[in-house]
*Asks:* 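Structure below; questions to follow.
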Number of protein chains: 4
Amino acid sequence: MGADVRVVLIGAGRAGLVHGRNFAAGVRGARLVGVCEPDDQARESALAELGCERGFTDPLEAVADDDVDAVVVASPTFTHPDITVAALKAGTHVLCEKPLAASLDEAHAIKAAATSSDAAFLMGFMRRFDQSFRRAAERLHVGDIGEPLLIRSTGRGPGLPPRWAWNTDLSGGMISEVNAHDLDSLRWLTGQEYHRAYAVGRAAKRPDIAESNPGFVDLVTVTFELTGGAVGQVDGACPADYGYDARVEIYGSEGMLHIGDTRANSTVLVRSDGIVADPVTSWRTLFADAYRAEDQHLADVAHGLEEPKTRIDDGIAALEAAIATNQSMATGEPVHIDARLRDGSRSGGSGTPGGAGETNPTRTVHH
Amino acid sequence: MGADVRVVLIGAGRAGLVHGRNFAAGVRGARLVGVCEPDDQARESALAELGCERGFTDPLEAVADDDVDAVVVASPTFTHPDITVAALKAGTHVLCEKPLAASLDEAHAIKAAATSSDAAFLMGFMRRFDQSFRRAAERLHVGDIGEPLLIRSTGRGPGLPPRWAWNTDLSGGMISEVNAHDLDSLRWLTGQEYHRAYAVGRAAKRPDIAESNPGFVDLVTVTFELTGGAVGQVDGACPADYGYDARVEIYGSEGMLHIGDTRANSTVLVRSDGIVADPVTSWRTLFADAYRAEDQHLADVAHGLEEPKTRIDDGIAALEAAIATNQSMATGEPVHIDARLRDGSRSGGSGTPGGAGETNPTRTVHH
Amino acid sequence: MGADVRVVLIGAGRAGLVHGRNFAAGVRGARLVGVCEPDDQARESALAELGCERGFTDPLEAVADDDVDAVVVASPTFTHPDITVAALKAGTHVLCEKPLAASLDEAHAIKAAATSSDAAFLMGFMRRFDQSFRRAAERLHVGDIGEPLLIRSTGRGPGLPPRWAWNTDLSGGMISEVNAHDLDSLRWLTGQEYHRAYAVGRAAKRPDIAESNPGFVDLVTVTFELTGGAVGQVDGACPADYGYDARVEIYGSEGMLHIGDTRANSTVLVRSDGIVADPVTSWRTLFADAYRAEDQHLADVAHGLEEPKTRIDDGIAALEAAIATNQSMATGEPVHIDARLRDGSRSGGSGTPGGAGETNPTRTVHH
Amino acid sequence: MGADVRVVLIGAGRAGLVHGRNFAAGVRGARLVGVCEPDDQARESALAELGCERGFTDPLEAVADDDVDAVVVASPTFTHPDITVAALKAGTHVLCEKPLAASLDEAHAIKAAATSSDAAFLMGFMRRFDQSFRRAAERLHVGDIGEPLLIRSTGRGPGLPPRWAWNTDLSGGMISEVNAHDLDSLRWLTGQEYHRAYAVGRAAKRPDIAESNPGFVDLVTVTFELTGGAVGQVDGACPADYGYDARVEIYGSEGMLHIGDTRANSTVLVRSDGIVADPVTSWRTLFADAYRAEDQHLADVAHGLEEPKTRIDDGIAALEAAIATNQSMATGEPVHIDARLRDGSRSGGSGTPGGAGETNPTRTVHH
């Protein structure tokens with residue numbers, strides 16, 4: 001392994017600080033050298049805590065700096081395209097937090113930049129590094145449940161998304177901000193692609209926000225038909241009063257798999273008024289090991305020791321599914337997710353598996 | 001309590017024998033006096049095991065017998081209408097196994113008979129008598145999770161439905177045969193009615209059966225919009241290789257409820273190759289207590305000690321939801337469930353809550 | 001199967017009514033014909049509830065009645081010897097609730113009566129009929145954990161024993177009243193006999209009771225060396241504030257087995273202040289099926305359909321272990337349990353496996 | 001925080017490498033500068049993996065080096081006294097892996113050195129840093145279960161101790177090598193001291209080892225009377241075929257607490273032949289976070305940011321309990337643990353709470 005990869009953190013918000021602290025605590029072969037954050041107080045606070053010297057206010061400056069080898073992009077979704085494209089053009093490795101972008105046009109612009117860059121692009125789907133998810137993937141791979149027929153992924157969080165994310169044009173909405181991980185898990189675990197979506201959403205807890213933010217929901221369920229015939233379901237909610245909840249269930253031809261647990265630790269109190277365990281309250285604790293492994297992966301990829309485990313196409317596929325979900329919620333109808341979009345080619349026949357309700361091309365996800 | 005209610009079992013199949021054995025083991029205030037079953041061997045075997053003398057081959061004769069006070073109807077679905085209508089006209093109490101019938105016309109004919117009869121009609125939704133389901137209903141009632149916003153019910157069974165039930169015209173299909181309980185649970189636990197359905201089904205494990213049985217599926221998922229705004233989801237599958245699985249999850253504004261467990265007993269084996277528990281293999285064991293309580297309820301209702309806890313409208317509502325599910329699977333489109341149907345009135349405005357996609361009246365469930 | 005076995009319940013207390021209600025609800029081949037209970041109100045109330053006519057105040061009269069075939073002895077421990085001996089002499093089958101007796105002399109008197117009687121004697125160790133315990137026994141039998149090396153059984157209950165049982169001379173103390181089941185489980189599950197005991201007890205919650213009742217404890221732990229080399233531990237407590245708790249753990253040469261669960265049902269509430277399940281509150285619910293199976297077993301044994309699954313020697317062995325526990329608590333020293341006692345022979349060599357501390361004959365359990 | 005604490009690892013065995021890797025991955029305010037390991041291959045391999053340059057073969061040289069601020073002592077137990085005393089005399093901070101030493105004389109020599117040194121001495125009881133154990137301690141502290149009355153701690157591991165540890169004179173035996181953590185937990189969680197012990201041990205799986213190693217056991221159970229009246233039990237076993245197992249149960253006057261889980265992750269496979277989870281296979285994974293926190297604690301204590309959370313008296317108390325356990329196993333009798341020993345004073349009255357069996361002074365743990 002050569003010299004340490006010099007990493008700059010873009011965005012010192014909650015997710016950003018998770019990465020920042022990982023690097024500050026130590027990632028083999030990498031070193032956090034700076035933080036880019038427009039908010040002065042947040043930046044200074046992060047620099048002090050993380051023990052690094054270089055503060056940036058302009059991400060485009062940071063990604064182009066000769067002394068920066070890699071960036072972790074944890075700024076708001078709508079800033080991802082400009083930052084990641086500039087980074088890739090400058091040859092700077094990118095670990096991009098989810099969601100990739102708010103529109104497919106932007107996503108494909110990033111893909112174009114990634115394709116022509118020598119730098120690596122990693123999509124921030126940290127569940128692929130979580131031991132329980134990996135164990136399930138392994139069990140699927142060896143056929144423990146036969147063929148996956150139905151997969152359901154639940155993603156709920158205790159807090160509202162940040163205010164800017166209430167605007168679905170900027171964020172992609174809750175399905176993208178909160179449930180991008182679920183959208184990735186369905187593809188990853190089944191090996192199948194998105195084909196058709198039907199979603200129902202509600203602004204059940206915060207109708208007030210929905211009044212001024214069209215498309216805002218705090219509860220979403222979406223049913224996908226996948227290209228291999230499996231059915232996928234995602235349900236998301238936030239703010240979920242009880243904590244952070246990430247569970248997946250896969251029904252297969254020869255068994256079933258569960259992933260996830262709402263318990264935060266192994267301590268159980270037994271009293272006459274109840275048997276009580278502590279709920280998981282944050283993705284920061286539940287996936288602490290996964291984030292560490294993801295950050296290590298960035299270093300290892302930058303050193304050429306590993307092939308990227310999450311790619312831009314994973315981000316694009318999740319985005320397509322999210323857009324279809326939003327369209328279906330808006331129209332109340334199923335939406336076809338055209339596989340052509342995934343390879344960037346907008347012309348030619350679909351070639352995707354047929355299915356009921358595919359006849360209306362106006363429902364196709366487009367960008 | 002007066003003289004014992006004299007009960008005849010109609011149908012000596014699997015579900016029938018569960019009831020039969022309960023009565024044979026002893027139900028307070030009731031006595032099993034006969035078995036009606038056209039198959040000679042099954043009837044004689046049941047009579048011998050259950051220790052009762054009167055064998056019937058014709059259910060219409062059994063229900064009209066002066067020495068019969070109540071019947072448990074556990075014959076195939078398509079026979080329910082004739083039998084239950086005759087019983088009700090003869091003043092014989094009815095506990096009718098799910099599903100109520102295969103068509104809404106028949107269901108309403110039974111309702112008409114029930115309305116004009118002095119005899120009680122109980123719908124065989126035994127989960128309403130299960131302690132775990134009841135405990136959840138109690139928690140919902142006292143507001144432990146606030147308002148229910150999303151409810152998901154999973155119902156899977158290890159065996160294929162009987163061959164006659166592969167014909168969805170006779171049975172209502174898997175969603176009705178296997179998941180009628182789930183369809184009832186959604187209404188019961190939320191107190192909301194069905195409004196709109198979107199379903200995806202697959203004949204994933206047995207495409208061979210689907211070839212000659214249009215509408216046959218062995219996997220179904222359906223998303224309902226309920227009249228109070230909650231979202232409901234049912235997923236069903238059979239044959240589920242791993243056993244019998246009945247679980248419900250309710251996400252509410254202030255918490256979440258789980259019902260159900262795939263473990264059959266409390267014995268756990270811990271070995272280096274796995275921590276192993278036994279799966280539930282049958283509804284007969286999982287709901288043994290619930291069936292006992294349901295049969296006791298029949299006796300108590302017949303004696304006037306209790307009001308019916310499950311009514312014909314519960315059976316009709318589940319049937320409407322099942323029919324909408326089948327329609328949605330067939331068309332690939334959402335289906336509107338018209339609330340007018342529930343009160344038997346076929347004319348006039350709908351009066352149901354609005355929602356996306358309600359504009360197409362041709363999608364309405366009708367009969 | 002011939003005529004119904006006519007059963008009389010001796011003692012209409014808590015355990016008695018469990019049996020009484022089982023027979024009233026229906027046991028194949030048996031019929032509850034009477035209740036013997038000196039307390040007028042309790043007797044009349046039981047007769048009314050259980051729907052039987054014959055009331056007895058004198059158990060010796062009941063067991064000798066020509067129209068009584070079997071008795072369930074659920075009266076206080078100190079009454080067991082007279083009642084069971086009289087029943088056995090009269091040829092009346094006996095299901096005797098635990099503990100067998102309060103002294104070994106009495107236990108051997110019962111054994112002598114049982115040996116010379118044609119009637120069956122069943123010891124009320126209902127855990128042998130519980131499905132989780134039976135499943136564990138089956139796993140042990142097929143070698144799932146290899147050889148059992150350490151077995152620990154926990155038995156705790158929410159209520160104090162009845163006041164008469166605070167006198168250890170009448171009851172055998174908590175280890176016998178509450179933990180007789182645990183003492184039986186160790187032998188049953190390992191197939192080994194008691195050899196040596198060391199116990200520590202406390203009157204931790206109710207020192208007031210201990211002041212006037214020598215030997216009273218509300219917490220007991222005892223470590224046994226078993227004849228096959230395994231180590232056994234029992235811990236008991238009551239009143240246990242949180243509910244009823246019956247769990248066993250067996251560490252074997254190739255794995256571990258757990259039996260038991262403190263959860264009463266499968267409903268789980270997830271809230272920010274805790275993930276909450278309901279605790280088991282009573283042996284009446286936890287072992288309801290086991291008591292039913294035990295009562296059915298009485299009928300089946302009486303009809304000659306089954307061999308007794310629990311025998312008087314099981315009761316004697318549990319009593320020996322209990323007495324040794326009480327002696328060890330009193331002296332603070334280990335106590336040798338002499339296997340000679342088990343065959344009723346008071347002379348001759350021990351023949352039991354050797355072990356540390358066997359040299360002091362004054363520690364031997366005697367009667 | 002000033003300059004990084006320069007840490008040298010003493011012993012590059014299994015436990016040593018856990019610490020080494022933690023420091024290599026990054027501990028705030030600390031830096032691993034060297035490894036001391038007599039085995040050339042192990043030392044070179046560790047230096048390469050951990051990325052540090054200074055290799056030592058003589059621990060006494062390492063602890064006295066002017067450029068070494070702290071050592072983690074993870075060498076065999078019998079080497080602890082010389083190394084830790086030398087380190088403390090040199091003013092080098094010590095984190096000493098359990099057990100403290102093999103004899104009380106040595107333990108008190110270390111204590112004397114620690115008392116007169118400015119350097120900190122931390123005992124390696126990492127469970128005090130584990131989130132589940134800490135949560136239980138917090139619940140105890142706020143009175144969630146009232147007063148602790150019975151505490152049981154299970155510690156089992158999949159592998160045999162290293163060969164040198166089979167000699168109980170060098171290691172203190174299994175109770176000390178494997179169960180030192182349990183012995184510490186009892187005191188820590190109850191706030192009570194050891195008073196009396198009775199132990200039963202077996203060489204059940206490896207009688208061959210016991211033949212040439214007097215006192216070797218692979219299964220041990222010990223019951224302690226604690227000074228506040230609580231009863232404590234520890235059971236240990238290795239090699240436990242099924243994995244690594246660390247569980248504690250505390251019965252209190254108002255409830256019960258469980259700590260620990262045998263499941264390694266949240267993935268569950270449900271199949272007809274069993275519901276299967278993965279067992280924990282190593283303390284390295286189960287307590288990974290705890291070891292990290294412990295190593296961070298060393299850095300923080302060295303910087304004066306925190307007071308030591310584990311002290312030499314904790315190590316001495318666990319050693320006293322272990323020695324009493326070994327004595328009791330050898331004699332088959334209870335052993336009194338004299339509290340006088342804890343303050344290093346060998347004269348004067350005991351002052352400890354009375355209890356059964358205290359009359360025989362020859363049973364007192366001595367050194």
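For clarity, every value in this text was computed on a predicted model and none was experimentally measured. Computed over heavy atoms, backbone and side chain alike; hydrogens, waters and symmetry mates excluded. In what follows, chains are A, B, ... by sequence order, proteins preceding strands, each numbered from 1.
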*Asks:* Non-hydrogen atoms of chain A under 4.5 Å away: do they reach the side chain of B:Pro279, the backbone, both or neither?
*Replies:*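 For B:Pro279, no heavy atom lies under 4.5 Å from chain A.
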*Asks:* Using heavy atoms and a sub-4.5 Å threshold, report which of residues 200-222 of chain A line up against chain B, by residue number.
*Replies:*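 Heavy-atom contacts from residues 200-222 of chain A to chain B are A:Val200, A:Arg202, A:Ala204, A:Lys205, A:Leu219, A:Thr221.
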*Asks:* Atom CG of A:Leu149 and atom CG of B:Asp235: how far apart are they, to the nearest 0.5 Å?
*Replies:*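 That separation rounds to 11.5 Å.
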*Asks:* Taking all non-hydrogen atoms of both residues into account, name the closest pair between B:Pro334 and A:Pro334 and its distance.
*Replies:*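 Between these two residues, the closest heavy atoms are CD-CD, 3.7 Å.
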*Asks:* Sort by residue number and list every member of residues 250-268 of chain A having a non-hydrogen atom under 4.5 Å from chain B.
*Replies:*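 The stretch touches chain B at A:Tyr251, A:Ser253, A:Glu254, A:Gly255, A:Met256, A:His258, A:Thr262.
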*Asks:* Any chance you could measure A:Leu150, atom CG, to B:Thr154, atom OG1, to the nearest 0.5 Å?
*Replies:*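 Taking CG in A:Leu150 and OG1 in B:Thr154, the distance rounds to 8.0 Å.
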*Asks:* Tell me every residue that passes salt bridge (Lys or Arg N to Asp or Glu O under 4.0 Å) with B:Arg134, counting only those two or more places apart in sequence or in another chain.
*Replies:*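 With sequence neighbours excluded, B:Arg134 shows a salt bridge (Lys or Arg N to Asp or Glu O under 4.0 Å) to no residue whatsoever.
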*Asks:* Can you tell me which of A:Ile145, A:Thr223, A:Asp241, A:Val231 forms the most heavy-atom pairs within a distance under 4.5 Å of chain B?
*Replies:*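 Most pairs with chain B among the choices: A:Asp241.
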*Asks:* Write out, in numerical order, the residues from residues 172-179 of chain B with a heavy atom short of 4.5 Å from a heavy atom in chain A.
*Replies:*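 Residues in range: none.
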*Asks:* Enter the distance from B:Glu249:CD to A:Arg152:CZ here, rounded to the nearest 0.5 Å.
*Replies:*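 Output value for this atom pair is 7.5 Å.
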*Asks:* Could you tell me which portion of A:Gln233 (side chain, backbone, both or neither) has an atom closer than 4.5 angstrom to a non-hydrogen atom of chain B?
*Replies:*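 For A:Gln233, the side chain is the part near chain B, not the backbone.
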